[in-house]
Structure formats: C-alpha cells, structure tokens
Number of protein chains: 2
Amino acid sequence: MKEGPDIALIGSLIGDPARANMLTALMGGRALTPTELATHAGITLQTASSHLSKLEAGGLLTQRKQGRHRYYQLAEDEVGLMLENLMGFAASRGMNRHRPGPKDPALRKARVCYNHLAGDYGVRMLDSLIAAKQIEVAGDDLALTDAGQIRIEALGISYASLKKSRRPICRTCLDWSERRSHLAGSLGEALLTLFLDKGWAKRENNSRAIRFTDSGEKAFSGLFPQ
Amino acid sequence: MKEGPDIALIGSLIGDPARANMLTALMGGRALTPTELATHAGITLQTASSHLSKLEAGGLLTQRKQGRHRYYQLAEDEVGLMLENLMGFAASRGMNRHRPGPKDPALRKARVCYNHLAGDYGVRMLDSLIAAKQIEVAGDDLALTDAGQIRIEALGISYASLKKSRRPICRTCLDWSERRSHLAGSLGEALLTLFLDKGWAKRENNSRAIRFTDSGEKAFSGLFPQ
DNA sequence: TTCATACTTCGATGGTAGTCGAAGCATTAA
DNA sequence: TTAATGCTTCGACTACCATCGAAGTATGAA
C-alpha cells in the first residue's frame, strides 16, 4: 500500500546521529567544511565525507569549492524550516540529548535558525511587526505591507533587492523553543544580517546561540516593542 | 556540540521503511491492529510487533486493547502534523516511492490527514471559511469567529462540546500535495466526521483517499464556495 | 476443558551501514 | 619540484538491527 511521498528516505538521512549533528551544526547558518563538520559530529574526516555525499545526494545540502576547501550548507530555506519543525516535535516529546545545560537559556533567548533570528527574540520581532501592521498574515503566507516597506527601507534594507530574488520575502518558521512562528525568508535573513552588521548582536562560536550587546538590546527593544 | 532536541531519534524511527509504511497507513485515521499494519508494511506479525513497541516507546503511537485485538493509532494531532509536514518536504524533493499511479489524483483531490480532510478539498474548505470571515488568522493560530460559531452550530456541530476538549479547535496543517494549509484541530475532525456521517463522502479501503458522492460534491461546493 | 485467534517474547541469522586505516587526488605554498 | 593541507575513495571490519521461526501468553469460542 505505497502511497504518497517517501518519508523513510528523509527519515533515514536524519536518523543517523552523526548526520543529525552535522545538520544541527549547519542550522547555525555558516557554511562549514568537512573537517569542521567531522569534529562537530565526533567522527573522522573519511566518515564525514561519506555522510556528506549522502546528504548532498538527498538534496539536503549543497556544496561549493573554494580553493582547497569545500563548504557545505543547507540546500534551501525549506531544509532549515523542516529541521526546525522536527526539532519542535522532538522537544515536545522530551527527546533531548542533554540535561538542559548552561547554554540552553541562551539558545532559547536568541539563536540562528539557518539564516534568520529564532528564539524568544525572533518570535517577539515577528509579533511586533504584525502588531504594527508592517507585516500582515494572509492565510499561510506573510506579506509586507506598504508601511512595512517604508519601515525596512528606513532601516537600510532595500526592498527592491529583496524583491529581485525568487525566494519569498516573508515566511513563517515554527520555533521549537517558543512553539510559535518567527520570521524567515529573505527579509528575516536581511534583518539578522543588519543586527550583526550594526554590532547589536554577535554569533557565538560553535553554537547557534546569539548574544545581544547591551546597546543591541536597547536598539532591538526600541525597534520592536512588545 | 550537542545542542537542542534530538532529531536523530525521530529520524531513525521514521527512517525504517516498514515503520514509515505503518505510520503512513495510520495517517488514514483509523486505528489498526498489528496484523493489519504488518500486511501494510509487508512484514510478518513478529517484526511488526517489535516495530510497534518502538514507535510507542518513542511517543508516536498509542495503543488500546479491546478483547484480543490491539488497536494502534497516532498518539496526538502533533504526530499527524509532523508527518504531513515531512511528506510535504519529501514531495518537494521528488522523493516518491512510486511513479504517480491511478490513485494519485484521488489522493490529491481529497484524503484523510489523520482525522481531518486534506488535499484540494481540504485547502479549499479552509480558504472558503477564511474568506467568509468564519475563521480568522491570528498570527500562527486560527480562531473561530462569532459568525463561525453560528455557522457550525447550523451544521449540527456543537461549539460547546468542541470547547470542552483541551485540544485546539482550529489549527493549520500543511498539505503536502497543495503546499498550503488545510484545517486541522477538533473542528477539522468534526467537519470530516460530518461529511462521512451525511454520506457525502466515503473512505476508500486501505487508502487515505476520500471519494465524494455526486450529491456530496454539490453540498460541499454549496457550503464552501470558492 | 479444548481449540483457535491475536499478539508478544526469545533466539538465531543475515545484511547493511557506519566506522576508520591506508592510499590516492587536488590545491596551495615555498 | 617538494612538501603540506584538505578531502575523497577503497577496503576491511564490526556492530547493530530488521527479520523470521519457534515458543509462550492472553483472550475468546465451543
């Protein structure tokens, strides 16, 4: 009784702990080399290489060569959304790999979700944008309003350049720690880039966590009041 | 660098073809016995039994004994949502287990998604309810409006009884064939039950497909105009 | 009781996939 | 050229797990 798409294929790709660790590491948004991914997963380079080619063949990762390095990253936004979604489900079942450690609160507060902001801050940002009617909810999709366009231009994000890309500008992504949506899509990416560029927030090394500076906190709260 | 929830655990549960087939079969919404599930998966009863206890331990399935039968079903709405979501992702990657067969169009038109209506009809129904302002979108969640409450009472669905349960009344579920949301939650379930009870639609055996009768089609189109 | 059905548990088997050492290829630097 | 780094490919090993036969348990029927 074989019906519909093959979930076993993706399942088995994600089901191996080493591969799952690599995917989680890549949720940090940076493109990583096989060597880096191997240490994240706690395996040798050879084994990592074999896993990576499987993930690439499965369409989860893409790869680009640069000199003698190879950089792997998640293939598309959809991959990140799917993974975050799975994490949400796993979290709701209490499937945690660790007793909640010191890093955990930081992750829940603010973290990178592939290329955009997630965690409490991510959710608050989207809520605030919707409350200010700068983003509106239309069925499944999010749409930037006229007021929203003016707003992001004022922040120094070019609406025209966002529109050029074929990717959706706004899109929802289910947050595993908050169990609510935050903002993904090219605007979500642009906003996170803005925070980092302005020095309001910094990525932690080897972690998805994002640390806001004091001035960054203030600026963020000013821009996106609750 | 172990961070966040353990996606490998769910991945490996879903990653086995036999288990994936059982889960897919259970997406049909009916509770099934180990014997039935074994034939769906093409394995013996002993093997099925072992798989089922793993799925139950993982929190994906629940079981109830009835006489000398055991009935398995998806543990909660969330499991169905997660699976439908994964199917959507798999479909978008072209991971299909079969060349699209004769059953495929029927599945895309209308099918059971655990306990509610999915496919083209499911999506149209939700769109229509939103357009009529009987359901409104509030951030992530769907909410039944006053007009919506009156409407469903008129259809013979008791709002009070829906409200009693702790489950959300309305909730979105991403449709893998349409790539848009349809209506899940207790109202989604009640509406599907209504269609079946009124004889407007019938489940096909051993399939998730739902076949609307001629009069059912008319009634449906009348209730939920495009 | 006896028999039949439904299912689980045990035990053995076999295949597959993750793992790593060693060797090979490609790029860069000197 | 030579050497070093980064990565892949090959081959062998191992461990795990899906699988099924056989035996055991539970419920129901006769």
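Note: hydrogens, waters and symmetry copies are ignored here, and every other heavy atom, side chains too, is used. Per chain, numbering begins at 1; letters A, B, ... match sequence-line order.
Using modelled atom types, one side-chain atom of A/R93 and one backbone atom of B/G59 make a donor-acceptor pair closer than 3.5 Å.
To the nearest angstrom, C1' of C/dT8 lies 11 Å from CG of B/L52.
B/T33 comes within 4.0 angstrom of the backbone, heavy atoms only, and of no base.
OP1 or OP2 of C/dG18 sits under 4.0 Å from a side-chain N or O of A/R19. At least one side-chain nitrogen or oxygen of A/H51 sits closer than 4.0 Å to the OP1 or OP2 atom of C/dT19. At the phosphate of D/dA26, neither OP1 nor OP2 sits under 4.0 Å from any side-chain N or O atom of B/R70. Note on B/T47: a side-chain N or O is less than 4.0 Å away from OP1 or OP2 of D/dC20.
B/T24 and B/R208 share no donor-acceptor pair across their side chains, judged by distance under 3.5 Å alone.
When each of B/Y72 and A/I43 is assigned the nucleotide of DNA chain C with its nearest heavy atom, B/Y72 is the one assigned upstream, toward the 5' end.
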Which letter, B, S or -, goes with each nucleotide of nucleotides 22-30 of chain C from 5' to 3', with contact meaning a protein heavy atom under 4.0 Å?
-> B----BB--
Produce the list of close N/O pairs, under 3.5 Å, pairing protein atoms with atoms of nucleotides 11-16 of chain C; give distances to one decimal.
none

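Screening A/K109, A/R180, A/R111, A/R124 against A/D175 for a salt bridge (charged side-chain N to carboxylate O under 4.0 Å, His left out) leaves a single residue, A/R111.
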